[in-house]
Amino acid sequence: MSDGSSWIEIVLLAMLAAFIGLRLVSVLGKRTGQERPVGDSFRPGAAEVTAPTSRAAINPVRGQAAIPAGTDSQMGPALEAIAKVDPGFDAGRFITGATAAYQMILEAFWSANPRAMEGLVSDEVLENFTTAIGERDGKRLGTRLVSVDSAAITAAEMIGQMAEVTVKFVSSMAAGDGVESTNADVWTFSRHIGSDDPNWLLIATDDESA
């Protein structure tokens, strides 16, 4: 009697194991060696990237990066190097955003409002601007930006996971007495390509004669 019960238990266990095995195959599938790799968690959203539609999207041809107006064509390879690791980077859109940031940061500085620069500049640059505002006792300046005459990328590189792009802005400004002058500012912006934050931060400023 006990031998019969043992055989029944063995048969039931075998059937249960087979059933569980079939369920696992149906849920997980069989490995064929062609599975898509799991996305790199360091790069946000990588697991949701869809397959490219052409080989060119996988291996972009060097020298194909769009060069913004006013930027030397020799900057192509450097801009493409950034776009290769940051597919969302577009030099034309970058120039547009950098120009807008340039105007907002200058206006915040002249109006003695460093808080308006938050999210646009690095902590170090914010501290420098705040110190400069304090040195004039927090007084507002009558300076205003008349126009941004040109904005050209003069340098671009990847430093580890940090993308850095330098832009030379040539602009016309009017002092409080209305006298206009031409200024050339060289600003460097940076962004961590693995960050969820798409914003570029101003990390260095310089000026040169136009």
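All residue numbers in this chain count up from 1 along the given sequence. Computation of the quantities below employed the complete heavy-atom set of this structure, encompassing side-chain atoms and omitting hydrogens, waters and symmetry-equivalent molecules.
In the displayed structure, Glu124 atom CD is contacted under 6.0 Å by at most 12 heavy atoms of other residues, nucleotides or ligands. Within 6.0 Å of atom CD in Gln74, 12 or fewer heavy atoms from other residues, nucleotides or ligands are found, so the atom counts as exposed in its surroundings.
Checked by atom type, the side-chain pair Ser181/Asn183 shows a donor-acceptor distance below 3.5 Å. Checked by atom type, the side-chain pair Asp149/Ser171 shows no donor-acceptor distance below 3.5 Å.
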Legend entry - Residues Ile105, Trp187; criterion side-chain contact (heavy atoms from CB on, under 4.5 Å); working and verdict: CA-CA 11 Å; Ile105 293 169; Trp187 287 14; 3.9 Å; yes
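Linking Ile, Leu, Val, Met, Phe, Trp and Tyr residues whenever their side-chain heavy atoms come within less than 4.5 Å places Ile193 and Ile153 in a single cluster. Hydrophobic cluster membership is shared by Phe94 and Met104, with clusters built from Ile, Leu, Val, Met, Phe, Trp and Tyr side chains linked at under 4.5 angstrom. Hydrophobic clustering places Met173 together with Val167 (ILVMFWY residues linked when any side-chain heavy atoms are closer than 4.5 Å, directly or through intermediates). One hydrophobic cluster holds both Val165 and Val85 under the rule that ILVMFWY side chains link at heavy-atom gaps under 4.5 Å. Taking hydrophobic clusters as Ile, Leu, Val, Met, Phe, Trp and Tyr residues chained together by side-chain heavy-atom distances below 4.5 Å, Leu201 does not share a cluster with Phe189.
Between Arg93 and Gly88, the closest heavy-atom pair is NH2-O, 3.3 Å. Considering every non-hydrogen atom in both Trp110 and Leu145, the closest pair reads CZ3-N, 3.4 Å. Summarising the geometry of Thr182 relative to Ser172, their closest heavy-atom pair is OG1-OG, 4.5 Å, with the distance given to 0.1 Å. Taking all atoms of both residues into account, the shortest heavy-atom contact from Ile82 to Ala156 is CD1-CB, 3.9 Å. Closest non-hydrogen pair, Asp185 versus Asp207, comes out as OD1-CB, 3.8 Å. Minimum heavy-atom separation, Leu202 to Thr188: CD1-O, 3.4 Å.
Taken to the nearest 0.5 Å, the CD atom of Glu164 stands 9.5 Å off from the CE atom of Met158. The OG1 atom of Thr166 lies 8.0 Å from the CE atom of Met75; values are rounded to the nearest 0.5 Å. The distance from atom CD1 of Ile133 to atom CG of Asn113, rounded to the nearest 0.5 Å, is 7.5 Å. With values rounded to the nearest 0.5 angstrom, Ile67 atom CD1 is found 8.5 Å from Asp72 atom CG. A distance of 13.0 Å separates CZ in Arg144 from CD in Gln103, rounded to the nearest 0.5 Å.
You'll find the side chain of Ile203 reaches within 4.5 Å of the side chain of Ser190, heavy atoms only.
Below 30°, between 30° and 60°, or above 60°: for Phe89 and Trp200 the angle between ring planes is between 30° and 60°, a tilted geometry.
Because its NZ or CZ atom is both nearer than 6.0 Å to the ring centre of Phe109 and within 45° of the ring axis, Arg136 counts as a cation-pi partner of that residue.
Taking a cutoff of 4.0 Å between a charged side-chain nitrogen and a carboxylate oxygen, Asp197 and Arg191 do not qualify as a salt bridge.
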